[in-house]
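What follows is a short report on a single structure.
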Amino acid sequence: MKSEPKTQPTTVPVTDFLAQVVQEGRRNDCLAVADIMQRVTGEAPRMWGDSIVGFGCYRYLSASGRSGDWPIVGFSPRKNDLTLYLMPGFEGREALLAKLGKHRTGKSCLYLKKLADVDLAVLESLVRESVSAMDAKRIRP
């Protein structure tokens, strides 16, 4: 029997979650990223688990056979970084990343210290490209 993924959508209001972000600068950055992601996806924000704000939804199937739902894009205000989840990753986006500003990347994660360190137009382009790449997999209501 396969277990369910730990991170599931919840009914916790995103506004309540973001109000708990202690650092004012990080909270304001979260609100700005939420605005970008909502504008690009056309989807309302929703909490996934206890710390991820997600937009839209798609169904994934991993090589191991595990499947589940995950946001098309999302973010989380982690202790050291504002982490953005951009599917399907950054391959082919090197030119945009070079113009973004201070950041680090993981497989599908973009790590930012603060939005003041990056070009917001480039960030929005990265979000747009990510959403566009995932559009065919999107689960629509």
Side-chain angles (χ1 to χ4, degrees), residues 2-141:
K2 294 181 184 174
S3 64
E4 286 291 313
K6 286 191 314 185
T7 306
Q8 297 285 329
T10 73
T11 58
V12 173
V14 171
T15 52
D16 291 358
F17 170 70
L18 293 178
Q20 295 175 18
V21 176
V22 178
Q23 298 170 304
E24 183 181 4
R26 178 67 50 89
R27 186 172 51 252
N28 289 337
D29 285 355
C30 288
L31 293 170
V33 168
D35 182 59
I36 290 169
M37 290 184 171
Q38 186 166 2
R39 189 171 57 250
V40 170
T41 63
E43 304 270 356
R46 184 171 190 186
M47 289 303 302
W48 287 71
D50 59 3
S51 64
I52 297 173
V53 178
F55 297 81
C57 183
Y58 77 98
R59 186 112 182 122
Y60 67 84
L61 177 62
S62 69
S64 68
R66 185 177 207 168
S67 66
D69 296 333
W70 192 253
I72 294 286
V73 292
F75 68 89
S76 183
R78 302 291 186 190
K79 181 179 178 183
N80 294 317
D81 297 293
L82 176 56
T83 303
L84 281 67
Y85 302 98
L86 302 177
M87 308 302 152
F90 303 101
E91 189 174 318
R93 293 178 175 76
E94 295 80 9
L96 276 175
L97 288 171
K99 295 189 290 186
L100 179 61
K102 290 174 66 174
H103 71 279
R104 294 182 301 112
T105 60
K107 183 172 180 164
S108 297
C109 296
L110 178 66
Y111 303 101
L112 307 173
K113 293 291 182 194
K114 55 188 176 186
L115 287 187
D117 291 341
V118 299
D119 183 319
L120 292 181
V122 173
L123 180 62
E124 185 165 333
S125 292
L126 283 165
V127 172
R128 255 182 223 296
E129 285 192 12
S130 179
V131 170
S132 180
M134 296 303 292
D135 200 47
K137 295 183 177 189
R138 188 183 294 209
I139 296 171
R140 306 223 187 248

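Numbering starts at 1 and runs along the sequence shown. The structure displayed is predicted, hence computed values, not measured ones.
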query = Do the side chains of Arg66 and Leu61 get nearer than 4.5 Å, heavy atoms only?
reply = no
query = How many angstroms lie between CG in Leu82 and OH in Tyr111, if you round to the nearest 0.5 Å?
reply = 11.5 Å
note = Interatomic distance, NE2@His103 vs CZ@Phe90, rounded to 0.5 Å, equals 7.5 Å
ask   = Is atom CD of Glu94 surrounded by more than 12 heavy atoms (other residues, nucleotides or ligands) closer than 6.0 Å?
value = yes
Option passing side chain to side chain contact (heavy atoms under 4.5 Å, CB included) with Tyr85 (candidates Ser108, Ser130, Cys109) = Cys109
Output side-chain donor-acceptor pairs under 3.5 Å for residues 12-22, partner residues at least two apart or in another chain, one line each.
none

remark   = The reported gap from CG in Leu110 to CG in Leu126 (rounded to nearest 0.5 angstrom) is 6.5 Å
ask   = Can you list the steps and then say if Val53 with Met47 is a side-chain contact (heavy atoms from CB on, under 4.5 Å)?
value = CA-CA 5 Å; Val53 178; Met47 289 303 302; 3.8 Å; yes
inquiry  = Is the shortest side-chain heavy-atom distance between Phe55 and Ile72 below 4.5 Å?
reply    = no
key: Any donor-acceptor pair under 3.5 Å from Lys102 side chain to Val118 backbone   = no
key: Cys57 versus Asp69, closest heavy-atom pair with distance   = SG-CB, 3.6 Å
query = Does the pair Leu84 and Met37 meet the rule for a side-chain contact (heavy atoms from CB on, under 4.5 Å), with working shown?
reply = CA-CA 10 Å; Leu84 281 67; Met37 290 184 171; 4.0 Å; yes
note = Of all heavy-atom pairs linking Ala133 and Arg93, the shortest is CB-NH2, 3.7 Å
Heavy-atom pair with the smallest gap, counting every atom of Phe75 and Val33 = CD2-CG1, 3.6 Å
message = Looking at Ser132 and Arg128, would you say the former's side chain and the latter's main chain have a donor-acceptor pair under 3.5 Å?
response = no
request  = Look at the side chain of Arg26 and the backbone N and O of Lys114, then say whether any donor-acceptor pair between them is shorter than 3.5 Å.
outcome  = no
ask   = Under 6.0 Å from the NZ atom of Lys137, do we count more than 12 heavy atoms belonging to anything else shown?
value = no
inquiry  = To the nearest 0.5 Å, what is the distance between CH2 on Trp70 and CE on Met87?
reply    = 6.0 Å
inquiry  = When you measure from the side chain of Asp29 to the backbone of Leu115, do you find a donor-acceptor pair of N or O atoms at a distance under 3.5 Å?
reply    = yes
message = To the closest 0.5 Å, what do you measure between CG (Leu97) and CG (Leu123)?
response = 10.0 Å
Donor-acceptor under 3.5 Å (Arg104 side chain, Asp81 main chain) = no
inquiry  = The test is side chain to side chain donor-acceptor pair (under 3.5 Å); show your working for Arg78 and Ser76 and say whether it passes.
reply    = CA-CA 6 Å; Arg78 302 291 186 190; Ser76 183; 3.3 Å; yes
ask   = In Å and rounded to the nearest 0.5 Å, what is the CG to CG distance from Leu112 to Leu100?
value = 6.5 Å
ask   = Would Arg138 and Asp135 pass as an ion pair if we require N to O under 4.0 Å?
value = yes
task = Kindly indicate whether the side chain of Tyr58, heavy atoms from C-beta on, has any atom under 4.5 Å from the side chain of Pro88.
result = no
